Amino acid sequence: MGSRGERNGIKMTEIHGPVRVRFAPSPTGFLHLGGVRTAIYNDLLRQKMGGAFILRIEDTDKERSDEAMTRQIQAALSWIGVHWDEGPFLQSERLPLHRERAEELLAAGKAYRCFCTQEELEAQRAEMQAKGSAFQYPRTCLGLSREDIDARVAEGRPFVVRFQMPDDHIRFHDMVRGDMDFPPDALDDFVLLRSDGSPTYHMSVVVDDIDMKVTHVIRGEDHLSNTPKHIPLFLALGGEVPTFGHLPLILGPDKKRLSKRYGATSVEEFRNEGILPHALYNFMALLGWSPGDDREIMERDEMIQAFSVDRLNASAAVFDREKLLWMNTQYMLKTETAELRPHLEPFLEQAGLQDVDPDRLAAALELHRPRAKTLKELAEQVVPYFQELPGYDPAACAKFLKDPAVPELLETLRDRYTALPELTKEALEAGLRALSEEKGVKAGVLIHPTRMALSGAAGGPPLFDLVETMGKEVMERRMTRFVAFLREAAGAGQG
RNA sequence: GUCCCCAUCGUCUAGAGGCCUAGGACACUGCCCUUUCAAGGCGGCGACGCGGGUUCGAAUCCCGCUGGGGAUACCA
């Protein structure tokens, strides 16, 4: 190995000029992580090469498809920043075309009617399984004479239409896995039209991909074994065979297929947890792809620039929510508060902060944005500026209780602060430091209980910023209340 | 069962036969910065699944094993 044009023994895929890619989810649930990642790679390829991103909703399974889900999927894609140039096309509306094309194959002798019943097939399948070999449709009905067929049709016997697979190896170059080779005994004559005349998935995708002039198909690994079926079908229908790339699955921490039991698996859930769309996009893009250097936090344009299908990984990746949270923190840190606001609004509302003094809110958000992992957390951190404190962190209060001087110190500080003409950071700090010097105590002895009094928490933004933002009235009230709390706790402790 | 795919720290990854004493990131952890928290800086812990080849030399190429995953529908 090592010749140019190869990477890990996989021949590089050359892509020239504009591409036509598609994302074709079935609306049987919310858009899940595997789905977004597929959409993201299609998006990156499309943005990089130019061309079109086609959104096609594969809603042919009416039993499981839901119109609301179709809207959800679009909303999720828009939210995360994947935009489509064409569509959404509903596959269910295209069924007559698919059927028509299948009938053409039948007429052309490239497909045939099969009258075998499901029971018969089931029995054959069981028999083959018992013998330890793979089941292939034994082509019972391929040899049927014209008369036999006509007679059975006339009888009204139900039939499916099967595609006659070629007896050759099917070879193709997979963008992520390299050269694939499927021997003829691995494939069988699959069904194109069901006995009710409806086209199967295989028929629909291939017709649609031809019709929509799709050039590159990036999809999940679960389709890898469908591809050798689809390729001869493309050919039989006279279509251009697109270039395929099959993405590995995303796994849960147990290395099994990602499932609900490990928390959120849909885009909506991450949105509701306060994850920023760009962070999720960035994170998912890196789950199975890397720019080849050490960059991790990347702007979308930067990812587009660096994107190459040759750098798509063939091995499955475990989804790590801790790292997503870290990445989201990075985005919280670097995104201006003003830019964050639209995303933050629903969380503020949820926290009951919709009708609050806007200047104070803005100041509080500015203070807490660099300390929050998620939008939801940010909204929650800002609540104490506007609503009464539910209580004080008991573990963190323990040390203030030990120092009997604290209540009086806090009262003095409160009075001096109240006397200030204006609560500015500078004045607040000068006042506190002067008091600490006067009383011969370290500044921390005043700072920590004051923070606890005002915010109820042991951590948070620098104290003087906190006080300035809360304002005199809140400061006064909370200092008084905390002093009372300390005295009561001390009294209870002694008696 | 059969077919197919995959295999580097716990996790995401870099690695294109000598640049590898295997690099980066998350997590964990020590120190620093600091009024606290967060962020940040500097360290630490920590991996080429196993066995055979090929080669002067293998994480890298080949074979086997093991492990994991997918597919085996008139579902998509």
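Just so it is clear: chains get the letters A, B, ... in the order the sequence lines come, proteins before strands, and each one is counted from 1. Here the structure is a predicted model, which means the values were calculated and not measured.
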Students often get this wrong, so: under 4.0 angstrom with heavy atoms, is A:Leu249 touching a base, only sugar-phosphate, or nothing? sugar-phosphate
If we take the P atom in both B:A59 and B:U8, what is their distance in whole Å? 15 Å
What is the pairing partner of B:G40, taking Watson-Crick or G-U wobble pairs with both distances under 3.5 Å in any strand? B:C32
On RNA chain B, does the nearest nucleotide to A:Ser195 precede the nearest nucleotide to A:Glu429 from the 5' side, or the other way round? Give the residue. A:Glu429
At 4.0 Å (heavy atoms only), tell me whether A:Asn226 reaches a base, stays on the sugar-phosphate, or touches nothing. base
May I ask you to say what A:Gly220 touches in the nucleic acid, namely base, sugar-phosphate or nothing, with a heavy-atom cut-off under 4.0 Å? nothing
For B:A25, the nucleotide meeting Watson-Crick or G-U wobble distances (both under 3.5 Å) is B:U11
Hunt down the Watson-Crick or G-U wobble partner of B:C65, both distances under 3.5 Å, from any strand shown, or write none. B:G49
Expressed as a whole number of Å, how far does the C1' atom of B:C37 sit from that of B:C19? 44 Å
Suppose you measure atom P in B:U60 against the same atom in B:C4; what distance do you get, rounded to whole Å? 23 Å
Given that both distances must come in under 3.5 Å, which nucleotide forms a Watson-Crick or G-U wobble pair with B:A16? none
Pick the C1' atom in B:A76 and in B:U13, then give their distance to the nearest Å. 32 Å
Ring centres under 6.0 angstrom apart (A:Phe190, A:His230): no
Please measure how far the P atom in B:G49 lies from the corresponding atom in B:A22, and state the result in whole Å. 15 Å
When only distance counts, do a donor and an acceptor, one from the side chain of A:Arg177 and one from the base of B:C5, lie under 3.5 Å apart? no
Toward the 5' end of RNA chain B, by each residue's nearest nucleotide, A:Ile447 or A:Lys131: A:Lys131
With a 3.5 Å cut-off and heavy atoms only, can you find an N or O donor on one side and an acceptor on the other between the side chain of A:Arg451 and the base of B:U35? yes
Can any side-chain N or O of A:Lys373 pair as donor or acceptor with the backbone N or O of A:Thr329 at less than 3.5 Å? no
Say we look at B:G51 and B:G69: how far apart would their C1' atoms be, to the nearest angstrom? 23 Å
Assess A:Arg162 against A:Tyr112: is NZ or CZ under 6.0 Å from the centre of the six-membered ring, and within 45 degrees of the ring's axis? no
Confirm from the modelled atom types if A:Lys323 and B:A25 form a donor-acceptor pair under 3.5 Å, side chain to base only. yes
Give a yes/no answer on whether the side chain of A:Gln129 brings an N or O atom under 4.0 Å of OP1 or OP2 in B:C3. no
Sticking with atom P, work out how far B:G15 lies from B:C28, rounded to a whole angstrom. 28 Å
Expressed as a whole number of Å, how far does the C1' atom of B:G43 sit from that of B:C33? 15 Å
Mind checking A:Val160 for me? I need base, sugar-phosphate or nothing, with any heavy atom below 4.0 Å counting as a touch. base
Can A:Arg56 be said to sit on top of A:Phe89's aromatic six-ring, NZ or CZ under 6.0 Å from centre and within 45° of the ring axis? no
Considering just the side-chain nitrogens and oxygens of A:Lys256, establish if one lies under 4.0 Å of OP1 or OP2 belonging to B:G69. yes
A:Arg311 side chain N/O closer than 4.0 Å to the phosphate oxygens (OP1, OP2) of B:G15? yes
Any donor-acceptor N/O pair, A:Ser26 side chain to A:Thr28 backbone, under 3.5 Å: no
Close aromatic pair by centroid cut-off 6.0 Å: A:Phe319 and A:Phe283: yes
Would you kindly give the CG-to-P distance between A:Asp254 and B:U11, to the nearest whole Å? 12 Å
With a 4.0 Å limit, can you tell me whether A:Arg125 has a side-chain N or O closer than that to the phosphate oxygens OP1/OP2 of B:U72? no
Can a donor-acceptor pair be found, under 3.5 Å and without considering hydrogens, that links the side chain of A:Arg94 to the backbone of A:Leu90? no
Short side-chain N/O contact to B:A14 OP1/OP2 from A:Ser290, under 4.0 Å: yes
So, does the side chain of A:Ser225 form a donor-acceptor pair with the base of B:C4 at under 3.5 Å? no
Once you apply a heavy-atom cut-off of 4.0 Å, does A:Ala317 come out as touching a base, just sugar-phosphate, or nothing? sugar-phosphate
Would you mind classifying the nucleic acid contact of A:Pro462 as base, sugar-phosphate or nothing, using non-hydrogen atoms under 4.0 angstrom? base
